[in-house]
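Here the structure comes first, spelled out in structure tokens, and everything after it is commentary.
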Amino acid sequence: MKNTLFGALMCLLLFSACNSPKESTDLLILNATVLDVETGKEMPGKMIAISGDTIRAVLDIEESEKFTATKVIDAENQYVMPGLWDMHVHFRGGDTLVAENKDLLPLFLAYGVTTVRDAGGDITQSVLDWRQKINSGELDGPAIFTSGPKLDGPEPAWDGSIEVAGLEDIPAALDSLEQLKVDYVKMYDGSLTKEVFYGIIAAAEERGLKTTGHMPMSADILKGVDLGLDGSEHLYYVMKACSPKADSLTRVNPGYGMMDEIIDTYDPQLAQQVFQKLKENKVFVTPTLHIGKTLSEILDVDHSTDSLLPYISSGLQKTYGGRIEGAKRARASGSTMREKMEEKSLEMIKPMYDSGVPLMAGSDCGAFNSYVYPGGSLHNELERLVAAGLTPIEAIKTSVINGPAFFGLENSYGSIEPGKMADLLILNSNPFENIEKLREVSYVLAKGEIYEQEKLREMMQAVKQ
Ligand SMILES: [Zn+2]
């Protein structure tokens, strides 16, 4: 009674305040320039209110009086944009490297990568456990989408893969992926036949599962697209379809050995038709340019002083040896395929993007993929896309817009708007003008959790060797 009376008195005294009581939120970001990646617009003088893991309001700074918050960040002269998505990473290397893979999680956050798409490995239970713990806030790391084990043929190239020898094995393979509650299906061409490749796509389509991956070189990506293929990893398979000699080369030698001639006979006009079809069917292509460049130069670049190498455990560094040996064998045999791939890939990016093919930024970082570092390598990939002719805004789209779009999550991610996930970056400079400015992260917010520079530095320091 007494309290009510007191409240009523206060209301009379503070009439206007009571008329419009302040909304309490967890965080207010003030004076920010909000970057809209979709339109390329820059909106200065904004305030962003965040409650829990969700953006609640984005208003002109004058309206910030409507809110109170437990924490306030003044982002004067700073830029706010959605967190980055790395659409091709790997957690793998066997049970002895589980802890060392887990140590990679802070590296992603430190570089502003708030979501990763794990493209298959052999420590699925651990990855699923991290996915759940990150979602519930128990573990610091980027949100994880995972394919779980890869689907490969009877002699899989990678440990942990599910063997799908014939069409009859497909239902059980997809059942087990569904039981694991993976986010999509990743195929691999260690020994997958083209019949099984097509069969998996068709069966997954019926179950409403997304498919992407490598393709057996005996297959035709456009036939896969007709059956419902949702994505293609790396550029080999799209490139193959852009050569008029693809069919005849496939009949003679259906392997990567044909790539030399595929590249030599690449036809830009045929490519336009291929791109049109990929666009119409919304097939997401992940070019992985940075790893292509890194591997093509691996024997000629000294990586011993790479700034991120000290954050990679010795166990993970040991897995780097395989690619180096492979490159030595290729050089000894006189193969220049990787170098030619690298050149042709750069040439394809701009026409593919301009045709409307949804490209996705993916680094392919993780064990075995030498010197492609978690977090930092996504920036290398975006810079490579710009080197290939995309504007910085277009390159950023391949990460923050096309990433969520692959999973049909456009309504929850991709912009700084009310109702969307509070995954965002506060940057010191404008990355729309220069893609390298994207590295100058001042704050990272992941699901509303604030990571300031000091905290990110501490998290990285904890995993330094
Ligand atoms: Zn990969």
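Numbering of ligands and ligand atoms starts at 1, following listing order.
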**Prompt:** Taking both backbone and side chain into account, is any N, O or S atom of His234 nearer than 2.8 Å to the Zn ion (ligand 1)?
**Reply:** no
**Prompt:** Under 30°, 30 to 60°, or over 60°: which ring-plane class applies to Tyr237 and His214, parallel, tilted or perpendicular?
**Reply:** tilted
**Message:** Among the N, O or S atoms of Asp364, which one sits nearest to the Zn ion (ligand 1)?
**Reply:** OD1
**Asked** According to the interplanar angle, ranging from 0 to 90°, do the rings of Phe145 and Trp85 count as parallel (below 30°), tilted (30 to 60°) or perpendicular (above 60°)?
**Response** parallel
**Asked** Is there an N/O/S atom in Glu233 that lies less than 2.8 Å from the Zn ion (ligand 1)?
**Response** no
**Message:** Which label fits Tyr256 and Tyr236: parallel for a plane angle under 30°, tilted from 30 to 60°, or perpendicular past 60°?
**Reply:** perpendicular
**Short side-chain to backbone donor-acceptor contact, Asn101 and Leu97, under 3.5 Å** = yes
**Message:** Rounding to 10°, state the angle centred on the Zn ion (ligand 1) that links NE2 in His90 with NE2 in His88.
**Reply:** 100°
